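Heads up: the structure comes next, in structure tokens.
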Number of protein chains: 2
Amino acid sequence: MIAEATSRKTRPSADSTRERILAAALECFSLQGFDGAATREIASRAEVTQPLLTYHFRSKEELWRAAVDGVFAALTTAMVTRLDGLRGVDEVTTAKLLVHEFISFSAAHPELHRIITQECKVEGPRLDWLVETHVRPLYDATTELLQRLVDAGQLAPIPVAHLYYILTGAGATMFVLAPECRRLSGVEPFDPSVIEQHADAVVALLFTVPDTQG
Amino acid sequence: MIAEATSRKTRPSADSTRERILAAALECFSLQGFDGAATREIASRAEVTQPLLTYHFRSKEELWRAAVDGVFAALTTAMVTRLDGLRGVDEVTTAKLLVHEFISFSAAHPELHRIITQECKVEGPRLDWLVETHVRPLYDATTELLQRLVDAGQLAPIPVAHLYYILTGAGATMFVLAPECRRLSGVEPFDPSVIEQHADAVVALLFTVPDTQG
DNA sequence: GTCTATAATTAGATAGAC
DNA sequence: GTCTATCTAATTATAGAC
């Protein structure tokens, strides 16, 4: 029905196929790890055959990288978009709202933390690539903000490396361990009001400067 | 050289073999997950052959359970021993020292959190068993203490399910992501003084009740 | 209690038709 | 761009010698 541009190099179906493969790959890799994920299952979820993965992405390794690129791009977009909406807002309020945004993202995309946790188990080229390509920019931006808040007396005087892992761990663990949380407490972690409540809790604990009087 | 009791049912070598297998199994399962861990590698690390695992533990599944029993037994021992040394101490101080103990244990045995994280990715009988057998007693004891502290005004009024995941996430993540932490910050998470500093930080943030005056 | 040898399954990657 | 068929290697579990 619709005339297609003759200049395009790939068939119109290819884009959506790639997208489906990437979505399936992210899911499988985050759930089962790089070695544990079977390319056949990724293909099956994407409703294509297994050799097609090799056609679109040269190898399992490159497919993994493309899938990881995807989540981090989504995170960056979410954080930058939020920040753009906060021009002129003071730094403490901005930081609190960014923590909210980060926790919302962690709930919507627990794959992010799962992938990092998976790869942090064994030293290797995948961890090298992951940290240097994606995590370091995130860490640097976060800890720079945290340091300014500590210097301004808005955060407890704790080294920023510790604050970083307290923030990310406290923020994400409930969603990464969602099936456990549901069983133990009856709380549904992905309920929007629960996500909100969790973010409020983390912000409340983080942004309360302790008495210097012990 | 040494005369052995004739009444024992297993050879003297068997006990130490079982221990070596269990140690190797815990390491492999925590690093690679149940499916990812190869029984051949577990056997190799324990310096035995692969069919011997089947002899001592009927299947890979039962080996996994035995290995998991081991870490949780170690955690229980550590916490109970610490608690026994604190008879007569007030509840707030006790709680703070138990948080320290938990964080020290998490640093010494990151396998605990790795195993839980692994299994929480897919619903299944292993997760059922893990939660009901080992995690629930831990969760119940912890949240009962947290609730008493909230009621006494010693902790911010946050639902205990949230406090539980904030505490465990904030306490353990730095050690679970140790290779990343090292690269990003230069901080060595397993340095005893760093562990101590991290525990102090978590306690400081957790036990500071926010101003009700916003 | 520990081994060697092997059976049955499944993995990622490739060849080549369409 | 997508498929079927297949190769090679690695997996858990088992049989049976010692």
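In this text, all values refer to a predicted model and were calculated from it rather than measured experimentally. Letters A, B, ... mirror the listed sequences (proteins, then strands); counts begin at 1. Just so it is clear, the values below take in all heavy atoms, side chains as well, and ignore hydrogens, waters and symmetry mates.
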Fill in the blank from the handout: In short, the helix from C:dG1-D:dC18 to C:dC18-D:dG1 is bent end to end, axes from five pairs each side, to 10°, by 0°
Exercise for the section: Give the nucleotide from the list D:dA5, C:dT4, C:dA13 with an atom nearest to the side chain of B:Pro51. Expected result: C:dT4
Handout entry: Pairing residues for B:Phe57 by the ring-ring contact (aromatic ring centres under 6.0 Å, His included) criterion, not counting sequence neighbours
Key = none
Problem - Candidate nucleotides D:dG1, C:dT2, D:dA13, ranked by approach to the side chain of B:Tyr55 - the nearest - result: C:dT2
Practice task
Side chain of A:Lys60 only, please: which of D:dA13, C:dG12, C:dA5 is the nearest?
Solution key: C:dG12
Completion exercise
Closest of C:dT2, D:dA15, C:dT14 to the A:Gln50 side chain is C:dT14
Problem - Parallel, tilted or perpendicular, as decided by the 30° and 60° cut-offs, for the rings of A:His113 and A:Phe102 - result: perpendicular
Exercise for the section: Could you check how far CG of B:Leu52 sits from P of C:dG1, rounded to whole Å? Expected result: 9 Å
Problem - With sequence neighbours excluded, residues passing side chain to side chain contact (heavy atoms under 4.5 Å, CB included) with A:Glu41 - result: A:Cys28, A:Gln32, A:Ala38, A:Arg45
Completion exercise
In numerical order, the residues of residues 27-47 of chain A whose heavy atoms come under 4.0 Å of DNA chain D are A:Arg40
Problem - Under 4.0 angstrom between B:Thr17 side-chain N/O and C:dG1 OP1 or OP2 - result: no
Practice task
May I have the distance from A:Phe57 (atom CZ) to D:dG1 (atom P), rounded to whole angstrom?
Solution key: 12 Å
Handout entry: Separation of C:dT2 P from B:His56 NE2 (nearest whole Å)
Key = 4 Å
Can you list, pair by pair, the side-chain donor-acceptor contacts under 3.5 Å of residues 158-171 of chain A, counting residues two or more places apart and other chains?
| unit_1 | atom_1 | unit_2 | atom_2 | d |
| --- | --- | --- | --- | --- |
| A:His162 | ND1 | B:His198 | ND1 | 3.0 |
| A:Tyr165 | OH | B:Glu180 | OE2 | 2.6 |
| A:Tyr165 | OH | B:Cys181 | N | 3.2 |
| A:Thr168 | OG1 | A:Tyr164 | O | 2.9 |

Practice task
Send over the distance from A:Glu62 CD to C:dG12 C1', rounded to a whole Å.
Solution key: 14 Å
Exercise for the section: Check whether any side-chain nitrogen or oxygen of A:Thr49 sits under 4.0 Å from OP1 or OP2 of D:dT2, and answer yes or no. Expected result: no
Practice task
Kindly state whether the ring of A:Phe207 and the ring of A:His100 have centres lying under 6.0 angstrom apart.
Solution key: no
Problem - Close side-chain approach of B:Thr143 and B:Gln147, heavy atoms under 4.5 Å - result: no
Handout entry: Residue list, side chain to side chain contact (heavy atoms under 4.5 Å, CB included) with B:Ala78, at least two apart or on another chain
Key = B:Glu101, B:Phe105
Problem - Nearest-Å distance for atom pair CG/C1', residues B:Leu53 and D:dT14 - result: 14 Å
Practice task
Mind checking the CD-CD1 spacing from B:Glu111 to B:Ile116? Nearest 0.5 Å is all I need.
Solution key: 11.5 Å
Exercise for the section: Give the minimum heavy-atom separation between A:Cys120 and B:Val176, together with the two atoms involved. Expected result: CB-O, 4.0 Å
